[in-house]
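For the numbers below, each heavy atom of this structure counts, side chains included, while hydrogens, waters and symmetry mates do not.
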Amino acid sequence: MKLLVALIYVIISTLLTACTDTPKDYQREFFAMGTLISVQLYDVPEAMAERTLNEIEADFQAMHRDWHAWEDGPLVHLNQALAAGESFAMPDVLAPLIPPAIALAEQSDHLFNPALGQLFALWGFQGNARDTLPAKTAIDAILQQQPRMTDLVLNGNIIASTNPAVQIDLGGFAKGWAVDLVIEKLRAAGIQNAIVNTGGDLRAIGSHGKRAWRIGIRHPEQPGAIAAVDIKDDEAVFTSGNYERYFEVDGIRYHHILDPRTGRPAEHTASMTVIHPNGASADAAATALFVAGDDWPRIARQLAIADVLRIRSDGAIEATATMAARIDWLTSQDSALIIRGYNEAN
């Protein structure tokens, strides 16, 4: 009888232990890089989760300081040197970002153009908010100088420019790069299941137990999500939208995604979502494809972006066939879906 009681006690204790050992979520939210950052870890020991989340928050705050285009820091010092026609020794926190930014600019036909810092500032998207339109003459003066990332000359960590009009703003690239660095850190620590979300742009690894990470895609004109998609083992989802940062003049919205060809906010697209294994590439591509407008399939091929969802300004929805196959619509949009891109007949 005592043996039976002991066995029952062991069984009950085992079951209770199993219940308490159920994998848990650990989440941290904080503000950095101009947006709300959310990091979620799954199936991680509590002490490791707390320590890792503390380190990641500190990392994001450091990246915010190091890559800021108008608050004192390495990038501001670099831009000051470029404007003066001087070379600059880039610190390790900045140097790795420049070569891939140059490559992505070239691959996008410079529709992704971080060299246009002067133009972003002119429009009031570098902390100097405005409620009037910039003068056309001021816009044209910048465009005539044609600042591009390919104007930069690299020699190790020494950088210079053949064009003093180049002023680098990594706003269309830095969040993706940051997410990639954090994911690398998580994996190096042995963490296999996590999601790093920077204001709706994210990268996820592993899964949430037996189910995939499920991501909502925001509706550009209405509250809530228009669609959802399950993320595979390691993918980034980035969206550029006309609702993110903007100001209004006479009832017209002027958003922050500027077309390098016109110097004005890009037209004809409300939001552009891409999925790609690399966060930095996804970040730059979402910007470039938004600017490309109807020409986005060509730029997507050049950037090797297979999963694309575009919501046009007129409400029509376009997607590559691979993206369309993954989307779960939360509204009745699928009947109006236009398949374009990698799977076009031509």
Side-chain angles (χ1 to χ4, degrees), residues 28-39 53-105 112-130 142 147-185 196-199 201 238 244-245 256-258 279-280 283-284 287:
R28 176 77 57 83
E29 291 186 345
F30 51 90
F31 195 80
M33 304 183 78
T35 192
L36 181 66
I37 309 291
S38 173
V39 182
L53 290 171
N54 287 339
E55 292 175 357
I56 288 174
E57 182 173 357
D59 289 344
F60 266 107
Q61 299 298 346
M63 290 185 285
H64 173 92
R65 294 189 300 269
D66 294 337
W67 304 341
H68 208 289
W70 62 91
E71 292 181 1
D72 188 54
L75 187 55
V76 169
H77 300 162
L78 166 58
N79 283 331
Q80 290 170 346
L82 295 179
E86 301 171 352
S87 59
F88 181 79
M90 292 184 292
D92 292 342
V93 295
L94 184 59
L97 285 76
I98 302 303
I102 294 172
L104 287 164
F112 164 69
N113 187 356
L116 281 172
Q118 287 189 76
L119 187 65
F120 302 140
L122 180 65
W123 277 91
F125 296 123
Q126 286 194 347
N128 52 333
R130 60 184 304 152
I142 295 173
R148 290 184 169 184
M149 294 298 287
T150 46
D151 294 329
L152 296 172
V153 180
L154 302 178
N155 183 12
N157 73 324
I158 304 299
I159 186 171
S161 176
T162 59
N163 185 347
V166 169
Q167 292 285 281
I168 300 173
D169 185 324
L170 296 171
F173 176 71
K175 287 197 298 182
W177 189 273
V179 165
D180 289 339
L181 289 181
V182 170
I183 291 294
E184 289 176 12
K185 182 168 190 169
V196 182
N197 188 328
T198 59
D201 296 321
F238 275 71
E244 294 173 331
R245 293 169 56 200
H256 77 292
I257 308 171
L258 303 180
D283 197 358
T287 299

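Between F173 and F112, the ring planes lie tilted relative to each other; the angle falls in the 30° to 60° range.
Under the salt bridge (charged side-chain N to carboxylate O under 4.0 Å, His left out) criterion, D151 pairs with no residue at all, not counting sequence neighbours. The side chain to side chain donor-acceptor pair (under 3.5 Å) check on Q118 picks up nothing, with sequence neighbours excluded. Listed by chain and number, the residues in a side-chain contact (heavy atoms from CB on, under 4.5 Å) with A83 are Q167 (sequence neighbours excluded). For D66, there are no side chain to side chain donor-acceptor pair (under 3.5 Å) partners, not counting sequence neighbours. Take R28 and apply the side-chain contact (heavy atoms from CB on, under 4.5 Å) test, not counting sequence neighbours, and it matches F30, E50, L53, N54, E57. For N157, the side chain to side chain donor-acceptor pair (under 3.5 Å) criterion is met by no residue, not counting sequence neighbours. Among residues two or more places apart in sequence or in another chain, the side chain to side chain donor-acceptor pair (under 3.5 Å) test is passed with S38 by Q27. For the ring-ring contact (aromatic ring centres under 6.0 Å, His included) test, residues two or more places apart in sequence or in another chain that qualify with H64 are H68. Shown here are the side-chain contact (heavy atoms from CB on, under 4.5 Å) partners of A174, two or more places apart in sequence or in another chain: M33, W67, L170.
Within the model, atoms CG of L116 and CH2 of W123 stand 13.0 Å from one another, a figure rounded to the nearest 0.5 Å. One distance of note links CG of L119 with CD1 of I142; it measures 5.0 Å at 0.5 Å rounding. Between the CG atom of L82 and the CD1 atom of I168 there is a distance of 5.5 Å, given to the nearest 0.5 Å. Within the model, atoms CZ of F120 and NE2 of H256 stand 8.5 Å from one another, a figure rounded to the nearest 0.5 Å. Between atom CE of residue M63 and atom CG of residue D59 there is a gap of 5.5 Å, rounded to the nearest 0.5 Å.
Counting only residues at least two apart or in different chains, side-chain hydrogen bond (donor to acceptor under 3.5 Å, both in side chains) contacts with residues 76-105 comprise D72-H77. Residue pairs meeting the salt bridge (charged side-chain N to carboxylate O under 4.0 Å, His left out) criterion with at least one partner in residues 168-177, sequence neighbours excluded, are K175-D201.
The shortest non-hydrogen separation linking F238 to G176 is CZ-CA, 3.5 Å. Across M149 and P114, no two heavy atoms sit closer than the pair CG-CD, 3.5 Å. Across all their heavy atoms, N113 and P147 have their closest contact at ND2-O, 3.0 Å. The shortest heavy-atom contact between A81 and F88 is CB-CB, 3.9 Å. Contact between P74 and V93 at its shortest, heavy atoms only, is CG-CG2, 4.3 Å.
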Trace of the side chain to side chain contact (heavy atoms under 4.5 Å, CB included) decision for V39 with I37: CA-CA 7 Å; V39 182; I37 309 291; 4.2 Å; yes
With side chain to side chain contact (heavy atoms under 4.5 Å, CB included) as the test, would you mind laying out the steps for D283 and W177 before giving the verdict? CA-CA 8 Å; D283 197 358; W177 189 273; over 6 Å; no
Let's go through N163 and R148 carefully: what are the C-alpha distance in whole Å and the side-chain angles of both, what is the deciding distance for side chain to side chain contact (heavy atoms under 4.5 Å, CB included) to 0.1 Å, and is it a yes or a no? CA-CA 8 Å; N163 185 347; R148 290 184 169 184; over 6 Å; no
Going by atom type alone, with no hydrogens or angles, which donor-acceptor pairs under 3.5 Å involve a side-chain atom of residues 97-105 and a protein atom two or more places apart or on another chain?
none

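Q61 places no side-chain N or O within donor-acceptor distance of the main-chain N or O of I56, the cut-off being under 3.5 Å.
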